[in-house]
Number of protein chains: 2
Amino acid sequence: MMMQKQNNLLLERLGKGACAAKYKLQTLSEEEKNRALRQAADGLLADQKAILAANEKDMDAGRENGMHAGMLDRLKLDGSRIEAMAEGLRQIAQLPDPVGRELEAWERPNGLKINKISVPLGVIGIIYESRPNVTADAFALCFKAGNAVILKGGRDAIYSNMAITASIRNSLKKAGVIEDAIQLIEATDRETTAAFMRCKEYIDVLIPRGSAGLIRAAVENSTIPIIETGTGNCHIFIDETADLTKAVNIVVNAKTQRIGVCDACESLVIHKNIAAQFLPALERGLADVHDVEIRGDKTVCGILPQAHTAQDTDYGTEYLDYILSAVTVGSVEEAIAHINRYSTHHSEAIITENMQNAEKFKQEIDSACVYVNASTRFTDGFEFGFGGEIGISTQKLHARGPMGLRELTTYKYVIEGNGQIR
Amino acid sequence: MMMQKQNNLLLERLGKGACAAKYKLQTLSEEEKNRALRQAADGLLADQKAILAANEKDMDAGRENGMHAGMLDRLKLDGSRIEAMAEGLRQIAQLPDPVGRELEAWERPNGLKINKISVPLGVIGIIYESRPNVTADAFALCFKAGNAVILKGGRDAIYSNMAITASIRNSLKKAGVIEDAIQLIEATDRETTAAFMRCKEYIDVLIPRGSAGLIRAAVENSTIPIIETGTGNCHIFIDETADLTKAVNIVVNAKTQRIGVCDACESLVIHKNIAAQFLPALERGLADVHDVEIRGDKTVCGILPQAHTAQDTDYGTEYLDYILSAVTVGSVEEAIAHINRYSTHHSEAIITENMQNAEKFKQEIDSACVYVNASTRFTDGFEFGFGGEIGISTQKLHARGPMGLRELTTYKYVIEGNGQIR
């Protein structure tokens with residue numbers, strides 16, 4: 001109880017700090033922001049020793065808690081990873097400023113001049129579970145878009161996150177920019193996370209990045225508007241006119257190039273007229289790269305003796321593993337209905353040489369990114385050319401798909417008159 | 001308990017109906033949508049007798065429950081109000097289709113062609129407390145933007161809303177359009193409203209329209225992304241160089257032209273160097289129109305003997321009445337700080353002849369609409385030229401300020417390749 005009260009006071013202090021900062025940040029020029037970002041990049045390199053020492057504390061705790069090798073590797077920082085973080089900040093400094101753009105302008109018959117101008121969102125809260133480099137990266141994107149950020153990282157990386165935050169705050173101070181542009185919640189208990197999700201008074205937007213469980217908790221409990229990110233049960237539909245070589249290459253790539261990412265392919269939908277040709281070819285293609293377990297319907301299992309029988313839950317599962325569900329259908333309409341039913345509205349692809357079916361698929365699939373004859377793995381801020389990304393939105397409000405700098409802004413209307421009244 | 005289960009089944013049925021409808025609606029052509037809207041307009045006129053009879057039942061219940069005259073007037077339908085509803089539908093038929101616009105298009109070095117296309121949000125939930133005409137109006141805007149809508153109107157207007165919905169569904173059927181484009185929740189208990197706010201599986205966006213209490217309940221309880229609308233504690237700052245005539249006209253208009261609306265002025269901020277000239281002139285200007293109670297700080301009360309002393313809570317109050325709070329400040333910076341602290345981020349105005357101060361105000365005020373030398377009363381979809389409005393957003397995600405047809409859409413990325421992989 002005492003703890004809770006303390007944490008509420010902590011959140012209030014951070015919230016007030018961020019609100020004060022946001023009014024200063026919205027007036028910074030592009031050059032002031034870029035200078036601060038470059039200063040922060042230099043600072044990370046200069047503070048390398050302190051950051052690595054802090055990271056070693058996290059690594060020790062991880063080893064003691066029996067963290068598995070893959071997780072330890074994600075947590076680990078070294079000279080080259082800090083260099084990469086600094087380089088990330090420098091790259092964001094080079095991106096165009098998303099703030100202050102005139103999005104539209106028109107004049108009304110009564111002489112009022114209306115301008116729609118891009119402005120920062122204000123204060124952004126980010127809850128993440130991932131690697132410590134997210135601390136620098138998320139700050140840089142939010143900052144370049146003129147926002148103050150309050151970060152809540154994972155417990156496992158707390159010392160690393162504190163050291164990175166301290167370094168950046170120090171650099172901001174040197175650059176003459178308000179330090180509260182970045183603040184880290186140092187408490188790592190769940191109650192603080194829950195209370196953070198209800199700091200509507202101070203925070204304009206909350207972006208949860210991480211496991212499905214974290215995102216569900218934010219949907220259930222947050223009073224702050226959130227942007228849901230990341231869950232991707234991505235489908236590829238192999239139409240009956242698909243070019244077999246393209247189809248195999250694309251599925252192999254989308255499934256195996258990196259299995260743990262949200263734009264990896266999790267489910268195949270196959271026109272029954274091409275299944276007998278396509279599936280054995282796919283099996284050969286996959287065999288060259290990695291074992292992949294296929295869980296299919298009767299038709300699929302009839303063609304591929306090694307395939308397992310899919311349960312209905314398989315079609316709704318984001319495996320993030322070397323597993324692929326597969327279902328056969330009789331038409332593009334059936335494929336679209338299946339995908340719209342099971343997808344998480346992230347990324348779906350059709351492989352076809354029939355342009356009418358491609359059109360239908362493009363129009364009727366209800367997902368952020370709809371591909372024709374390409375891998376779903378391109379749903380990414382860098383691949384889209386945004387120069388960075390804060391996450392992939394799977395909701396429909398505000399932003400859909402890869403979110404770069406522009407998606408970290410909103411707009412306001414500026415209306416100029418000379419005495420107009422109604 | 002039994003009731004609750006029944007209502008959950010009801011919501012599930014409505015949700016599934018809307019989801020099935022949304023896939024059909026997204027493929028309708030502009031002409032198909034317009035034809036259905038015109039059919040619905042004709043239908044309302046043809047069904048006038050049934051609608052008026054239903055409205056009479058609501059009016060009877062209202063009188064029995066002691067509803068006051070103003071509320072009864074808002075509830076009442078007659079021939080000319082039904083004609084106005086029908087005309088509203090016809091006007092929305094004439095607006096440009098917001099769906100299928102190419103918002104951006106570019107090609108990546110690897111040959112991928114990326115198109116950003118406007119698409120419907122999907123299923124929109126609207127909770128409203130107001131007049132029965134909202135039923136037709138909200139349907140028409142959502143429908144023109146390709147969305148299915150589930151409406152939850154006020155208990156007082158339930159029979160009117162049911163009759164209007166039945167009429168529109170009948171017209172949609174005649175026009176060959178899926179009737180579930182519009183559905184009304186006929187249960188009027190609070191438990192159903194609360195359960196409706198958690199139908200995330202079926203509803204893409206929830207728009208609460210009505211009292212601050214309703215909106216607060218939606219913020220607290222909804223798991224569906226919401227768009228907050230309506231609360232407007234709007235400020236006008238009278239700078240020391242203000243043109244007195246413009247200033248008085250604008251304040252009188254913004255305060256008294258219609259007191260119950262969210263873009264009415266609720267609070268004045270006055271540069272102390274102009275207060276002694278401005279306030280008596282304002283008092284004279286208001287006297288010609290309507291008694292307005294002014295609640296001011298010491299300086300204001302020193303100049304206007306009739307003014308009441310403002311409490312701190314006054315500065316944060318949206319009166320929706322003939323009351324105006326007033327505070328004096330020493331600079332534009334002080335004015336901006338006061339407004340950003342107390343405003344609901346809806347609409348604020350500066351009256352000034354100093355263009356530097358106007359620039360500062362435009363840049364630093366954190367509100368959806370920022371006016372220079374004009375009344376705040378222009379924050380309205382019709383006044384902006386949108387041809388209609390579903391509400392005024394006071395949040396920063398997705399849409400800010402007046403929301404017309406385009407704000408009822410989202411976008412998707414359509415990516416065309418010829419076999420690209422990563």
Side-chain angles (χ1 to χ4, degrees), chain A residues 22-23 26-27 106 108 112 114 119 121-122 200 204-205 219-220 223 225-228 243 245-246 249-250 252-254 257 340 358 362-364 366-375 377-379 383-385 395-398 400-401 410-422, chain B residues 22-23 26-27 106 108 112 114 119 121-122 200 204-205 219-220 223 225-228 243 245-246 249-250 252-254 257 340 358 362-364 366-375 377-379 383-385 395-398 400-401 410-422:
Chain A
K22 80 172 171 185
Y23 292 117
Q26 70 179 355
T27 64
W106 68 100
R108 296 291 300 154
L112 282 181
I114 304 182
V119 298
L121 283 165
K200 186 167 191 294
D204 294 291
V205 180
V219 167
E220 285 289 324
T223 55
I226 68 168
I227 300 181
E228 271 191 76
D243 175 302
T245 311
K246 280 185 202 164
N249 284 344
I250 287 171
V252 169
N253 177 260
Q257 196 248 352
N340 279 338
K362 280 156 54 177
Q363 191 172 31
E364 299 185 18
D366 185 24
S367 294
C369 298
V370 184
Y371 291 86
V372 178
N373 293 331
S375 171
R377 289 281 291 111
F378 291 104
T379 300
E383 293 296 331
F384 267 51
Q395 72 181 32
K396 289 184 177 175
L397 269 197
H398 188 70
R400 232 178 158 191
T410 179
Y411 57 82
K412 70 179 167 195
Y413 291 106
V414 170
I415 304 105
E416 299 192 305
N418 49 22
Q420 281 86 345
I421 60 173
R422 272 182 85 176
Chain B
K22 80 173 173 186
Y23 292 117
Q26 69 178 359
T27 65
W106 69 98
R108 296 291 300 154
L112 282 181
I114 304 182
V119 298
L121 284 164
K200 185 167 192 294
D204 294 292
V205 180
V219 167
E220 286 289 324
T223 55
I226 69 169
I227 301 181
E228 270 191 78
D243 175 300
T245 311
K246 279 184 202 165
N249 284 343
I250 287 171
V252 169
N253 177 261
Q257 195 248 352
N340 279 338
K362 280 156 54 177
Q363 192 173 29
E364 298 185 17
D366 185 25
S367 294
C369 298
V370 183
Y371 290 86
V372 177
N373 293 331
S375 170
R377 288 281 290 112
F378 291 104
T379 300
E383 294 295 331
F384 267 51
Q395 71 181 33
K396 290 184 176 175
L397 268 198
H398 188 71
R400 236 179 154 189
T410 179
Y411 57 82
K412 70 179 168 195
Y413 291 106
V414 171
I415 305 104
E416 299 191 306
N418 49 22
Q420 281 85 345
I421 59 172
R422 272 182 84 175

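Values below: every heavy atom of this structure, side chains too, minus hydrogens, waters and symmetry copies. Per chain, numbering begins at 1; letters A, B, ... match sequence-line order.
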**Q.** B:Tyr23, part contacting chain A, at a heavy-atom distance under 4.5 Å
**A.** side chain
Q: Grab the two heavy atoms, one from B:Pro225 and one from A:Gln395, that are nearest each other, plus how far apart they are.
A: CG-OE1, 4.4 Å
Q: Establish, yes or no, whether a centroid distance under 6.0 Å links the rings of A:Tyr371 and B:Tyr413.
A: no
Q.
Which atoms of B:Asp243 are under 4.5 Å from chain A, going by heavy atoms: the side chain, the backbone, both sets, or neither?
A. neither
Q: Would you mind checking which part of B:Ile226 comes under 4.5 Å of any heavy atom in chain A, side chain (CB onward), backbone (N, CA, C, O), both or neither?
A: backbone
Q.
Does any backbone or side-chain atom of B:Lys412 lie under 4.5 Å from a heavy atom of chain A? Answer side chain, backbone, both or neither.
A. both
Q. Which bit of B:Asn253 comes within less than 4.5 Å of chain A, counting heavy atoms only: side chain, backbone, both or neither?
A. side chain
Q: Sort A:Val205 into side chain, backbone, both or neither according to what part of it lies under 4.5 angstrom from a heavy atom of chain B.
A: side chain
**Q.** Shortest non-hydrogen separation from B:Ser375 to A:Ile421 and the atoms involved
**A.** CB-CA, 4.1 Å
Q | With sequence neighbours excluded, residues passing side-chain hydrogen bond (donor to acceptor under 3.5 Å, both in side chains) with B:Arg422 | A | A:Glu383
Q) Can you list the residues that meet the side-chain hydrogen bond (donor to acceptor under 3.5 Å, both in side chains) rule with A:Ser367, with sequence neighbours excluded? A) A:Glu348
Q. How far apart are the closest heavy atoms of A:Arg400 and B:Thr410, and which atoms are they?
A. CD-OG1, 3.7 Å
**Q.** chain A contact via B:Gln257 - which portion, at a heavy-atom distance below 4.5 Å
**A.** side chain
Q) Using non-hydrogen atoms only, which part of B:Val119 is less than 4.5 Å away from chain A: side chain, backbone, both, or neither? A) side chain
Q. How long is the gap from CD on A:Gln420 to CG on B:Asn373, to the nearest 0.5 Å?
A. 9.0 Å
Q) Taking NZ, NE, NH1 and NH2 as the nitrogens, is one of them in A:Lys200 or B:Glu228 under 4.0 Å from a carboxylate oxygen of the other? A) yes
Q: To the nearest 0.5 angstrom, please state how far the CG atom of A:Asp204 sits from the CG atom of B:Leu397.
A: 8.5 Å
Q | Nearest heavy atoms of A:Thr27 and B:Gln363, plus distance in Å | A | CA-NE2, 4.2 Å
Q: Identify which of B:Ile227, B:Val370, B:Val219 forms the greatest number of heavy-atom pairs closer than 4.5 Å to chain A.
A: B:Val370
Q | Contact class of A:Arg108 relative to chain B, heavy atoms under 4.5 angstrom | A | side chain
Q. Which pair of non-hydrogen atoms, one from B:Lys246 and one from A:Asn418, has the smallest distance, and what is that distance?
A. CE-O, 3.6 Å
(Q) Using heavy-atom distances under 4.5 Å, tell me whether B:Ile114 contacts chain A through its side chain, its backbone, both, or neither. (A) side chain
